[in-house]
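One structure below.
Chain letters run A, B, ... following the sequence lines, proteins first, then strands; residues in each count from 1. Note that these values count all heavy atoms, side chains included, but never hydrogens, waters or copies made by symmetry.
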Amino acid sequence: MAKSYWLMKSEPDVYSIDHLKKDKTTWWEGVRNYQARNFMMNGMKPGDEVLFYHSNAEPPGVAGLAEITKEAAPDTAQFDPKSEYYDEKSTKANPRWMCVQVGFKAKFKDIVSLNDLREEKALAEMLVLKKGQRLSVQPVTKAEFEKIKKMGGL
DNA sequence: GCCAACGTTGGC
DNA sequence: GCCAACGTTGGC
């Protein structure tokens, strides 16, 4: 199957590209949105490439590259009553939330900011640029991925 | 900190 | 199944 390309948002105060660089891999826990979950569950596969996006950041933008290292498995945080991601309606027999494992690939020397993305005509169709688009896991095209990779100096 | 846009919940 | 109320996201 052909490789797919994605954009995944994270607030750098919570988990930044530097955290991922240090950890090497991480389970993408805490997604509590069905559309985003479905992309992880049904769309992503190991080897897929990811734009790591910093939201609620100064400036917001793509901070680097990652890849999917393991396909979706139950998000363990949903079973932990002490976690802020706890979901009392989820059971181990029938878990509601799944997440993939993500691995570090590269950090851009300079962040490719949201403004930079807006100025590129070739990226005009990207979901992340659409007003009110809050989805934290989004598909991107190969062309968009390659373009942003180049803008990031890689 | 504000607030527009959006997703989810729950009463009916 | 509708939709008002509420909570969250995320840029500014």
Side-chain angles (χ1 to χ4, degrees), chain A residues 4-23 26-44 48-68 72-141 143-145 147-153:
Chain A
S4 301
Y5 299 85
W6 308 94
L7 179 146
M8 299 175 87
K9 297 182 187 172
S10 183
E11 299 190 26
D13 292 346
V14 179
Y15 198 88
S16 72
I17 187 87
D18 291 317
H19 290 114
L20 183 60
K21 185 176 184 181
K22 186 157 69 70
D23 291 347
T26 190
W27 287 94
W28 204 259
E29 294 182 339
V31 170
R32 295 293 177 267
N33 170 285
Y34 288 107
Q35 229 185 319
R37 180 204 65 178
N38 291 344
F39 282 132
M40 290 201 287
M41 215 165 73
N42 305 323
M44 289 180 171
D48 283 0
E49 301 205 56
V50 175
L51 300 165
F52 194 110
Y53 182 91
H54 281 176
S55 61
N56 262 320
E58 187 48 55
V62 178
L65 305 180
E67 66 179 334
I68 306 303
D75 179 339
T76 56
Q78 69 194 312
F79 305 125
D80 178 3
K82 292 192 294 296
S83 170
E84 63 173 311
Y85 301 124
Y86 178 60
D87 186 340
E88 58 175 11
K89 297 194 186 112
S90 190
T91 63
K92 289 198 177 171
N94 194 11
R96 181 185 285 201
W97 304 109
M98 306 282 280
C99 62
V100 293
Q101 190 192 58
V102 173
F104 177 79
K105 285 272 273 198
K107 179 185 176 179
F108 290 160
K109 188 158 168 295
D110 298 302
I111 195 165
V112 177
S113 74
L114 189 56
N115 276 335
D116 295 338
L117 300 180
R118 286 214 172 93
E119 284 170 12
E120 277 297 331
K121 286 216 172 57
L123 304 177
E125 292 306 310
M126 285 187 75
L127 289 176
V128 73
L129 301 183
K130 308 250 162 163
K131 192 177 176 188
Q133 176 53 68
R134 317 183 303 183
L135 199 56
S136 65
V137 175
Q138 313 178 347
V140 301
T141 67
E144 289 162 350
F145 180 89
K147 176 75 187 171
I148 292 169
K149 183 174 173 180
K150 211 169 275 175
M151 290 165 76

Report the relative orientation of the aromatic rings in A:Phe145 and A:Tyr5; use parallel for angles under 30°, tilted for 30 to 60°, perpendicular for over 60°.
->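 Tilted, since the angle between the ring planes falls between 30° and 60°.
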
CZ of A:Phe52 to OH of A:Tyr15: how many Å apart, nearest 0.5 Å?
->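 Atom-to-atom, A:Phe52:CZ and A:Tyr15:OH are 7.0 Å apart.
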
Taking only residues two or more places apart in sequence or in another chain, which ones pass side-chain hydrogen bond (donor to acceptor under 3.5 Å, both in side chains) with A:Lys130?
-> A:Glu125

So which one's nearest nucleotide on DNA chain B is more toward 5', A:Gln133 or A:Asn56?
->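 Residue closer to the 5' terminus by nearest nucleotide: A:Asn56.
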
Which residue, A:Arg96 or A:Gly132, contacts DNA chain B at a nucleotide closer to its 5' end, judged by nearest heavy atom?
->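 Residue closer to the 5' terminus by nearest nucleotide: A:Gly132.
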
Pairing of A:Arg96 and A:Asp75 as salt bridge, 4.0 angstrom limit =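 Not counted as a salt bridge, because no side-chain N and carboxylate O are separated by less than 4.0 Å.
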
Between A:Asp87 and A:Arg32, is there a side-chain N and carboxylate O pair less than 4.0 Å apart?
->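 No.
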
So what does A:Arg32 touch, heavy atoms closer than 4.0 Å: a base, only the sugar-phosphate, or nothing?
->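 Nothing, no heavy atom under 4.0 Å.
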
Span of DNA chain C in contact with chain A (heavy atoms, under 4.0 Å) | C:dG7 to C:dC12

